[in-house]
There are 2 protein chains.
Amino acid sequence: MAASSNMGLSRTSLTQQVAAQLVNYVREKGLKPGDSIPTTRSLAAKFGVNSATLREALRQLEATGGILLRHGSGIFVGPNLDRLLLANPTSPAVSMEMAIQLINARLAIEPQIAALAALNYSTDDLAVLSEALPVSRQPVTEGPRNLPSPNFHRALAAASRNVILFEIIDSILTAYRWEQHTIRVVFADRERDHQQHVSIFDAVSDRDPHRSALLTEAHLKDILGATLKAASSPSDTSPALVRD
Amino acid sequence: MAASSNMGLSRTSLTQQVAAQLVNYVREKGLKPGDSIPTTRSLAAKFGVNSATLREALRQLEATGGILLRHGSGIFVGPNLDRLLLANPTSPAVSMEMAIQLINARLAIEPQIAALAALNYSTDDLAVLSEALPVSRQPVTEGPRNLPSPNFHRALAAASRNVILFEIIDSILTAYRWEQHTIRVVFADRERDHQQHVSIFDAVSDRDPHRSALLTEAHLKDILGATLKAASSPSDTSPALVRD
DNA sequence: ATCATCCAGTGATCGGATCAATTTAGGGGG
DNA sequence: CCCCCTAAATTGATCCGATCACTGGATGAT
């Protein structure tokens with residue numbers, strides 16, 4: 001049951017494996033918020049890892065909001081179970097469903113962000129935004145190690161001058177990319193994607209909130225449509241492309 | 001410099017104190033994404049804690065997306081510095097600014113969520129929503145241990161049938177309550193708050209997305225206005241109230 | 001100059017020991 | 001019989017030191 005030895009390809013750290021196992025445990029047991037989780041000692045024994053390693057996994061899940069650690073009392077499932085279970089996807093089907101929900105979430109939020117960006121952006125923001133513009137035309141720029149070049153949507157959120165909204169979009173995009181590790185969304189018309197970005201940029205720089213919102217909405221609906229089509233017809237000849 | 005002994009009231013765990021210290025270190029040093037952070041051993045010595053404790057703090061910050069741990073290479077500041085720095089607020093003034101940004105973020109998102117809820121809710125959702133309705137009238141129900149009674153806005157987000165959006169609202173509300181630990185927002189007209197909730201509920205149950213969005217927007221603008229007024233005039237006679 | 005190899009630095013994991021907070025079970029007094 | 005106070009058991013939190021595993025640069029031969 002344990003068998004966490006580094007057999008073959010073990011790209012992930014033991015700690016994260018343990019965290020994933022714990023999430024699966026909660027999932028399979030059908031535990032609900034408030035339910036208790038076995039003690040640290042028994043968990044460490046169950047997963048066949050050291051207490052320190054288990055502890056790191058616990059902290060990680062606690063930071064995410066998945067579990068609660070109460071000194072002297074025990075370990076409990078956190079209030080927001082979703083956040084815990086979404087940590088590791090179950091099946092590609094679920095992943096696709098998640099991807100669609102992610103796009104729908106963006107569809108609900110980003111038009112407002114575009115409008116706010118049009119109202120609040122500074123000259124610096126505009127510079128960053130225009131700088132992120134040509135990037136979306138590049139095929140798949142394999143940038144430096146771990147510095148993903150700021151893409152258009154992130155820059156747009158930054159221009160809205162609201163840290164919270166930026167954080168939200170950032171986390172959504174991150175989550176989306178994570179989903180893409182499982183399912184690759186085929187995006188046929190890359191040039192069209194870029195053109196839409198340009199038109200959004202123009203609307204924002206014109207300080208036109210209404211037009212910015214509408215164009216952003218249309219853009220995301222386009223992406224949603226492409227994703228839905230890709231969902232019905234599995235990956236065919238066209239290579240999987242990453243888009244932002 | 002270390003001095004992490006449990007003097008007086010130390011409600012937070014040592015691990016979290018260390019995490020906070022590390023964040024402050026990054027802040028004061030003015031480190032930017034990609035910059036390297038001292039080694040685990042030196043950090044443990046610097047903060048005067050054991051390596052295991054430091055490690056838990058690191059995992060915690062890593063899970064939040066604040067830092068990057070690379071085996072054999074080093075520790076680095078993560079791509080999203082904001083997420084790191086927002087972990088612990090600096091001053092009440094900043095906190096107030098953050099509270100306003102939080103409300104503005106809700107203002108950008110929740111109307112759309114209300115519209116989606118009007119379109120997508122099921123009978124179960126409606127039941128939960130109506131159940132959460134009378135709660136907002138209660139003064140400050142000190143519920144059981146750690147099960148915050150589902151409040152109206154959370155239920156509304158759940159009715160939108162989009163897990164991502166629910167997560168977003170949930171995190172915003174959580175963050176907001178966290179901010180309230182520092183600054184207490186005075187909300188004068190509690191009855192009005194409740195009436196607005198009721199009218200939103202009616203619009204949603206009528207499957208009227210447009211009206212739902214408009215009412216939600218008005219409701220949040222009300223809250224924003226009250227918060228802004230409280231920001232200008234510091235806490236006076238009226239007791240601080242918690243609202244949702 | 002090129003490339004394989006080695007080595008120091010650094011994070012990751014381990015094993016057990018000890019401290020601290022919580023809960024629970026008794027025991028004494030009312 | 002019930003309540004309060006104390007003590008022990010339970011469980012998470014921290015510590016300590018050691019060892020393993022990955023990376024990157026230095027070393028040296030070709």
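Every chain is numbered from 1 and lettered A, B, ... according to where its sequence line falls, protein lines coming before strand lines.
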Ignoring backbone atoms, establish whether A/S13 has a side-chain N or O less than 4.0 Å from OP1 or OP2 of C/dG11.
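No, no such contact exists.
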
Does the side chain of A/R59 get closer than 4.0 angstrom to OP1 or OP2 of D/dG12 through an N or O atom?
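So the side chain of A/R59 is outside the cut-off, no N or O lying under 4.0 Å from OP1 or OP2 of D/dG12.
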
In the structure I gave you, are the side-chain heavy atoms of [X] and [Y] within less than 4.5 Å of one another anywhere?
X: B/F152; Y: B/L129; value: yes
X: B/D35; Y: B/V26; value: no
X: A/L126; Y: A/F201; value: yes

Quickly, which of A/L14, A/L43, A/T15 forms a side-chain contact (heavy atoms from CB on, under 4.5 Å) with A/L54? Name it, please.
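Testing each of A/L14, A/L43, A/T15 against A/L54, the sole residue satisfying side-chain contact (heavy atoms from CB on, under 4.5 Å) is A/L43.
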
Provide, to the nearest angstrom, the distance between the [atom1] atom belonging to [X] and the [atom2] atom belonging to [N].
X: A/L54; N: C/dG16; atom1: CG; atom2: P; value: 15 Å
X: A/I75; N: D/dT10; atom1: CD1; atom2: P; value: 17 Å
X: B/L14; N: C/dC19; atom1: CG; atom2: P; value: 15 Å
X: A/L22; N: D/dG12; atom1: CG; atom2: P; value: 12 Å
X: B/E56; N: C/dC14; atom1: CD; atom2: P; value: 14 Å
X: B/L68; N: C/dT10; atom1: CG; atom2: C1'; value: 16 Å
X: A/N50; N: D/dC16; atom1: CG; atom2: C1'; value: 13 Å
X: B/H71; N: C/dT10; atom1: NE2; atom2: P; value: 13 Å

I would like to know whether B/E56 and B/R59 meet salt bridge (charged side-chain N to carboxylate O under 4.0 Å, His left out); could you show each step before the answer?
CA-CA 5 Å; B/E56 288 184 27; B/R59 281 290 183 203; over 6 Å; no

Assuming nearest nucleotide by heavy-atom distance, tell me which of A/S73 and A/S51 is located more 5' along DNA chain D.
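It is A/S73, whose closest nucleotide lies nearer the 5' terminus.
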
Which nucleotide in the set D/dG12, D/dT23, C/dT13 lies at the smallest distance from any side-chain heavy atom of A/T40?
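Per side-chain heavy atoms of A/T40, the pick is D/dG12.
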
C/dG11 base to B/R41 side chain: any donor-acceptor pair below 3.5 Å?
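Such a pair exists between side chain and base.
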
Sugar-phosphate only, base, or nothing, as touched by A/L58 at under 4.0 Å among non-hydrogen atoms:
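Since no nucleic acid heavy atom lies under 4.0 Å of A/L58, the category is nothing.
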
